[in-house]
Amino acid sequence: MSERVVLEASHAVAEAVKMADVDCIAAYPITPQTHIPERLAEMVANGELDAAYIPVESEHSAMSAVLGSAAVGARSFTTTAAQGLALMLEAVYIASSHRYPIVMAVCNRALSAPISIWCDHSDAMMSRDVGWIQVFCQNNQEAYDMSLWAFRVAEDKDVMFPVMVHLDGFTLSHVTEPLLLPSQRDVDSYLPRYEYRLALRPEQPTSHGGFGLPDIYTEVKYAQEVALRNSRTIIDTAWDEYANTFGRRYSALEGYKVEDADTLILTMGSLGETAQMVVDKKRADGVAVGHLNLRLWRPFPFADLKQAVKGVKTLIVLDRAFSFGGPGGPAASEIRSALFDVAQRPRVVSFIGALGGRDLDTGTFEYMIDRGREIAEKGTDGLYEPLLVRGLEAGTVVRG
Amino acid sequence: MVMKGYKLPNEVPWDDIELGAIVAEPGSASFRKTGDWRTERPYIDKGICIKCGLCWLHCPDAAISQVDEGYFEVDLYHCKGCGICAAICPVKAISMTEEVEQ
């Protein structure tokens, strides 16, 4: 049984964390993430949630504190954005290396400088290689669902990795819309308590954070890499169980109107729904275009991508971050690389835009689709096209 | 101390590493001989030693242990040659001598 409620996405995340019955929350407030720790602190203070809330002095301490709570087997949560994620980064790597099933919500925000509190994906791209499982959300329902699912995946004995749930700052984190909240009973059946086999306990001494000399470091890192790739099986299982328990189905790479499409436009995060509106319009105009939502960013869904682009001529990828001096948008360049050995591959057209909170309207999506098809037709040696840069002529392509 | 099944790091294949490279059995450091970092070694003169145990107490590597008749002995497989024992000895029974290549 579900209840239909109206919640801000940040509060939907807090609700999921509460219903997951976490044991420890350590967080430092940063715009646009603040409403999540604020609401959780309120829940703990009101007695709605029986958890330790540690008000730390920085994000580095927030992650360090949940490393400690996870080490004793406590279900642990933290949340941050942009500069906060940058500051905690050192400890973020430790979480995945120690295989602690911490869940962290990141309200995506542009990295300084100049200081911007608004959304883009530069923080997510900075933390691309931290070894966490990473997913993106499109709406409030997904913000709730992914946060709950994250604990189920993280704590599976065949996974044991931290999970990062990305939600766009402001354009998602501060949006209020209706969503379905499941019953506590269903949540409890989906997410059982977990026992951490290697928990720090006086009666069972273990050493966490040992020294790795050159004779073992490579093996440890390879084991971590293989385990993250293997986590995909449980990632899918946990989504299947989610569909069975709550009736909503998610997957790593989700297609919208992809049947017979010769052109696909791929997004990550909340702009997906705008893209879908434009796909509807273009379809009505007779353009064979569909939308791909890249939900699972790590481990990257290679097989799903190859399957999704079969018969597709143009794959347009929108990135919300620069890879300075690099090969184009971070997602676009990974996708190009992923498809390089596919004989009949689409041309991958990379756009970079919607930075630092700049709106990307339906008109720009239409432009991307038209321009992407044109580029695919004519061919170009360009790396990417920046969108809506004042003083720069539309259609200017950046070359390597 | 003898631990059943303990392997040195350079004997462990990648797929036999504990989750998160966590050391699940205590005391494994005693199996890894780290004394070869040392540039100086301590020598305890039993004729001067008063068996007070300050060297044993202060050794940061637990490389000093009490042996027969209450004297103290240095485990050179683990001693790093830091010299704290020599500095702390109230009767100057411990001297540090430079390691020379054999």
Side-chain angles (χ1 to χ4, degrees), chain A residues 67-68 70-73 76 91-102 130-132 154-162 194-231 234, chain B residues 1-42 53 55-66 74-85 99 101-102:
Chain A
L67 288 176
V72 297
S76 305
V92 173
Y93 273 82
I94 313 287
S96 51
S97 303
H98 285 191
R99 310 283 298 277
Y100 294 152
I102 296 161
V130 294
W132 288 46
E155 294 169 359
D156 192 287
K157 66 172 173 38
D158 294 327
V159 176
M160 291 299 287
F161 270 107
Y194 102 107
E195 272 299 312
Y196 178 34
R197 179 172 59 84
L198 297 164
L200 286 174
R201 294 212 176 87
E203 68 276 15
Q204 175 204 282
T206 52
S207 290
H208 297 224
F211 195 57
L213 289 170
D215 62 5
I216 190 76
Y217 188 88
T218 307
E219 285 72 18
V220 170
K221 290 289 121 177
Y222 181 66
Q224 185 184 339
E225 150 78 344
V226 170
L228 186 64
R229 286 178 191 278
N230 289 347
S231 71
I234 302 296
Chain B
M1 196 195 325
V2 176
M3 275 195 291
K4 212 176 140 192
Y6 180 76
K7 284 181 189 161
L8 283 170
N10 62 12
E11 295 167 344
V12 184
W14 72 271
D15 54 356
D16 199 22
I17 291 169
E18 182 55 273
L19 186 81
I22 282 158
V23 182
E25 287 179 80
S28 60
S30 61
F31 288 85
R32 183 145 193 155
K33 292 169 183 169
T34 47
D36 54 2
W37 304 350
R38 190 177 55 241
T39 56
E40 287 186 327
R41 70 166 64 191
C55 57
W56 169 82
L57 192 64
H58 283 80
C59 177
D61 231 314
I64 297 177
S65 48
Q66 199 164 24
V74 180
D75 168 10
L76 292 173
Y77 286 123
H78 292 95
C79 168
K80 311 290 185 296
C82 70
I84 288 175
C85 55
E99 290 285 349
E101 276 192 53
Q102 298 297 310

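Residue numbers start from 1 in every chain, and the chains themselves are labelled A, B, ... in the order their sequence lines are given, proteins ahead of strands.
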At a 3.5 Å cut-off, give me the donor-acceptor pairs between chain B and chain A, one pair per line with the distance.
{"from": "B/Glu18", "atom 1": "OE1", "to": "A/Arg197", "atom 2": "NH1", "distance (Å)": "3.4"}
{"from": "B/Glu18", "atom 1": "OE1", "to": "A/Arg197", "atom 2": "NH2", "distance (Å)": "2.8"}
{"from": "B/Glu18", "atom 1": "OE2", "to": "A/Arg197", "atom 2": "NH1", "distance (Å)": "3.2"}
{"from": "B/Val23", "atom 1": "N", "to": "A/Ser207", "atom 2": "O", "distance (Å)": "2.9"}
{"from": "B/Val23", "atom 1": "O", "to": "A/Ser207", "atom 2": "N", "distance (Å)": "2.8"}
{"from": "B/Arg32", "atom 1": "NH2", "to": "A/Asp215", "atom 2": "OD2", "distance (Å)": "2.8"}

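- Listed by chain and number, the residues in a side chain to side chain contact (heavy atoms under 4.5 Å, CB included) with B/Val74 are B/Pro42, B/Ile44, B/Ile64, B/Leu76, B/Cys79 (sequence neighbours excluded).
- At a 4.5 Å heavy-atom cutoff, the contact between B/Ile17 and chain A is made by side-chain atoms alone.
- Annotation: side chain to side chain contact (heavy atoms under 4.5 Å, CB included) contacts of B/Pro60 (sequence neighbours excluded): B/Cys82, B/Ile84.
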